[in-house]
Amino acid sequence: MSIAENIATIRATMDAAAVAADRDPKEIQLIGASKMNDADACRQAIAAGIDALGENRVQEMTQKLGENAYEGAPLHFIGHLQRNKVRQVVGKVDLIQSVGSVALLEAVEKEAAKQGVVQSILLEVNIGCEEGKSGFLPQDLESGARFALTCSHVKVEGLMTIPPADATVTENRQYFKQVHGLYVDIGANLFHNELKCLSMGMSGDFADAIACGATMVRVGSAIFGYRSYQVQ
Ligand SMILES: *Cc1c(COP(=O)(O)O)cnc(C)c1O
């Protein structure tokens, strides 16, 4: 199967999941998680109409930016971001999906201010409260969001999550529903109902995520095929 064929198949599944949930398919974006795939694969996905590409390693993204791999589509950073690499990401991507601590918010704010830009971000939620995983714990999300509102060079567009890898299908859906609940609550309480991105769901569970309210799914292997490393 080609990248274009895979994208067409995924879109059809996404549309069916949206319709089944009484949602408008047009409100759900497909982000290609293109790690470990070269510039040519990125270009194929863009030609096939992917809504955006997402990278999770700074060095790889920087290299592919140099090869104009993302021309014609928005670029997102979706992986764990170290504070000392913020300079290489802020101002270079349309959306940083993976801001999961106040320390990282501070670093993004500082760099965005220095560059004179406003950086769009998502707040990442560690919904399974997993040790060693990035993201705000659910109970810390509101204070993190309040802090983000004090950062004039950061714009929060919504939330992102990766549920625990060992969750059962049922547990996984519960996690998605919980994050959707947080999205609705903080959207109403802190963001005047103006949040528009709820990024959740990957190759194995994007239809479930759409059923639970995702507006953005991040799909890698189902588009690009097998790769030699998985989500950390
Ligand atoms: C790789 C990756 C994905 C996509 O994973 P697949 O299971 O290959 O679809 C989604 N989100 C993040 C943060 C990733 O790093």
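The chain is numbered in sequence order, starting from 1. Every number for a ligand or one of its atoms is a count from 1 in the order of the listing.
- Contacts between K35 and ligand 1 below 4.0 angstrom, taking non-hydrogen atoms only, involve the side chain exclusively.
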### Task
Step by step, work out the side chain to side chain donor-acceptor pair (under 3.5 Å) result for E157 and S120.
CA-CA 6 Å; E157 307 276 8; S120 288; 2.8 Å; yes
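- For ligand 1, the atoms sitting less than 4.0 Å from at least one non-hydrogen atom of V219 are 9 (O), numbered in the order shown with element in parentheses.
- Between Q174 and Q178, the side chains place no donor N or O within less than 3.5 Å of an acceptor N or O (distance only, hydrogens not considered).
- With a heavy-atom cut-off of 4.0 Å, I78 touches ligand 1 through backbone and side chain alike.
- Under 4.0 angstrom from ligand 1, the non-hydrogen atoms of S221 come from both its backbone and its side chain.
- Taking every heavy atom of I162 and a limit of under 4.0 angstrom, the matching atoms of ligand 1 come to 13 (C).
- Qualifying side-chain hydrogen bond (donor to acceptor under 3.5 Å, both in side chains) partners for E124, counting only residues two or more places apart in sequence or in other chains: none.
- A salt bridge does not link K35 with E55: none of the charged nitrogens is closer than 4.0 Å to a carboxylate oxygen.
- Using modelled atom types, one finds no donor on one side chain facing an acceptor on the other under 3.5 Å when comparing Q59 with Q63.
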